[in-house]
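What follows is a set of notes on a single structure, which appears directly below.
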Amino acid sequence: VRGWEGWTTESIELHLQTRFVQLEVASALRLYTEGFRTVEDIYNILQISHSRRKVAGVSAAPPKAKLMATYYEKLTTLFWVSENYLFHAFAWYKFYTLCKEYNRGMTAEQKTLQASAVLLSALCIPPSKQESASSKDGQDGTAAIASTLADDIAKEKTARMATLLGFHTRNPTREALLSEIRAKKVMDDVPEYLRELYTLLEDSSNPLVLVESAAPLLERLRTETGVSSTDEEAGPLGRYVKPLTSVLLLKLLHTLSASYHTISLDHIKSLTSGLGISFIEVEKTIVATSHNMGKASSSLRVRIDHRANCLRFGDATTAGLESEVMRSQLTTLSKQLSSVCSIISPSDEVHTAAVRQAVFSDVRANLESEH
């Protein structure tokens with residue numbers, strides 16, 4: 001795509017239509033590299049259209065909302081098959097907002113379906129936390145520098161892709177998208193049981209009842225979308241069942257790691273029995289998580305000890321009292337105990353104010369003599 005000189009409104013429209021067909025074919029053939037090249041071409045054409053609108057005397061209408069909605073709809077498929085859940089969810093959000101704003105003929109059923117897809121796709125994004133001091137324990141300087149460099153490269157790639165796709169932020173994250181969903185009241189169009197699932201995944205902190213509470217909601221999603229154990233793609237929302245199960249398992253491991261240092265495998269089996277997956281799949285997820293523990297985005301360290309028949313959270317090099325994790329936990333405990341003590345036995349505010357007034361009066365009386 002060359003410079004914008006000589007481009008007309010009709011030529012821009014034709015180029016966009018051609019690129020959209022290319023994107024659709026690339027998605028169908030799973031030619032990811034060609035698909036992302038087409039996305040870059042579409043971005044450049046949109047920039048040309050934007051530049052023409054800035055030139056005095058040139059009448060160039062912005063791309064039609066229907067065309068852009070089709071664009072983001074194709075992107076949802078492209079990012080799903082490439083397993084980029086972050087941009088898949090952002091593409092769904094852009095498609096939903098365009099349809100809700102410009103498609104006056106949307107039925108209540110279509111609106112509910114699209115809002116549910118936005119929420120479920122956002123929940124499917126694996127939660128990742130920023131690298132903390134505790135994640136650097138046990139790493140030498142070379143490993144820390146390499147980890148930081150890899151993280152910077154990943155952030156740059158994410159920022160570039162977000163710019164190409166026209167997202168509102170150069171640093172799209174799971175938390176930012178969920179915050180946007182709450183702010184735009186997308187949840188109002190979502191069924192009640194999916195709102196309950198969102199609350200469990202985002203707000204629940206009790207690992208002993210997490211799966212037990214979420215299992216009926218996932219089962220209802222399977223039933224309504226027609227998903228069976230051998231078909232995870234039935235229905236428009238059926239493809240989200242398996243990723244949601246993985247996210248729920250990661251949530252369970254994170255909450256367990258905050259409360260336990262070791263836990264028996266038998267207990268893990270009982271806690272995960274309601275997920276509808278075998279324990280081999282659970283072990284695969286744990287192993288995959290442990291492989292990523294050196295990355296900056298991973299804050300969960302877990303090992304399977306088959307000899308002792310247990311899971312061990314944390315790293316052997318950071319298990320002592322001197323670790324940053326233990327320091328933060330003791331500090332948090334101290335603050336919470338202080339808060340409880342102030343409620344049980346509140347301080348005498350009158351006496352405290354009198355003592356403070358006496359101190360200030362003494363300082364004012366001795367100020368001239370000392371200075």
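In what follows, residues are counted from 1 in the order of the sequence shown.
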Report yes if the side chains of [X] and [Y] come closer than 4.5 Å at any heavy-atom pair, otherwise no.
X: Pro191; Y: Thr112; value: yes
X: Leu119; Y: Val186; value: no
X: Pro243; Y: Trp80; value: yes
X: Tyr198; Y: Val190; value: no
X: Leu367; Y: Arg364; value: no
X: Gln114; Y: Val118; value: no
X: Phe90; Y: Leu75; value: no
X: Ile280; Y: Lys284; value: yes

With Arg356, which residues qualify under side-chain contact (heavy atoms from CB on, under 4.5 Å), at least two apart?
Thr352, Phe360
Could you state the interatomic distance from [atom1] ([X]) to [atom2] ([Y]), rounded to the nearest 0.5 Å?
X: Cys124; Y: Leu86; atom1: SG; atom2: CG; value: 12.5 Å
X: Thr97; Y: Tyr72; atom1: OG1; atom2: OH; value: 8.5 Å
X: Ile125; Y: Leu120; atom1: CD1; atom2: CG; value: 11.5 Å
X: Lys74; Y: Phe95; atom1: NZ; atom2: CZ; value: 9.5 Å
X: His254; Y: Leu210; atom1: NE2; atom2: CG; value: 12.0 Å
X: Leu256; Y: Thr262; atom1: CG; atom2: OG1; value: 11.5 Å

Under the criterion side-chain contact (heavy atoms from CB on, under 4.5 Å), I'd like the reasoning laid out for Leu218 against Leu248: C-alpha separation, chi angles, the key distance, then a yes or no.
CA-CA 10 Å; Leu218 286 176; Leu248 181 62; 3.9 Å; yes
State whether the number of non-hydrogen atoms from other residues, nucleotides or ligands found under 6.0 Å of [X] atom [atom1] is greater than 12.
X: Lys184; atom1: NZ; value: no
X: Phe279; atom1: CZ; value: yes
X: Glu212; atom1: CD; value: no

For Phe313 and Ser257, work out which heavy atoms get closest and say how close.
CD2-CB, 3.5 Å
Closest contact, heavy atoms only, Ala122 versus Leu177:
CB-CD2, 3.7 Å
Could you tell me how the ring of [X] sits relative to the ring of [Y]: parallel (under 30°), tilted (30 to 60°) or perpendicular (over 60°)?
X: Tyr260; Y: His267; result: perpendicular
X: Trp92; Y: His88; result: perpendicular
X: Phe79; Y: Phe36; result: tilted

Are Glu34 and Arg37 ion-paired here, with the side-chain N under 4.0 Å from a carboxylate O?
yes
Carboxylate-amine/guanidinium contact Asp189 Lys111, below 4.0 Å:
no
Would Tyr193 and Glu224 count as a side-chain hydrogen bond (donor to acceptor under 3.5 Å, both in side chains) here? Give the steps.
CA-CA 12 Å; Tyr193 79 97; Glu224 293 191 357; 3.0 Å; yes
Do the side chain of Ser339 and the main chain of Lys335 share a donor and acceptor less than 3.5 angstrom apart?
no
Can you sort out the partners of Tyr85 under side-chain hydrogen bond (donor to acceptor under 3.5 Å, both in side chains), two or more places apart, ordered by chain and number?
none
Return yes if a side-chain donor-acceptor contact under 3.5 Å exists between Asn366 and Asp362, otherwise no.
yes
Chi angles and distances behind the salt bridge (Lys or Arg N to Asp or Glu O under 4.0 Å) call for Glu202, Arg174:
CA-CA 11 Å; Glu202 296 303 306; Arg174 185 178 192 269; 2.8 Å; yes
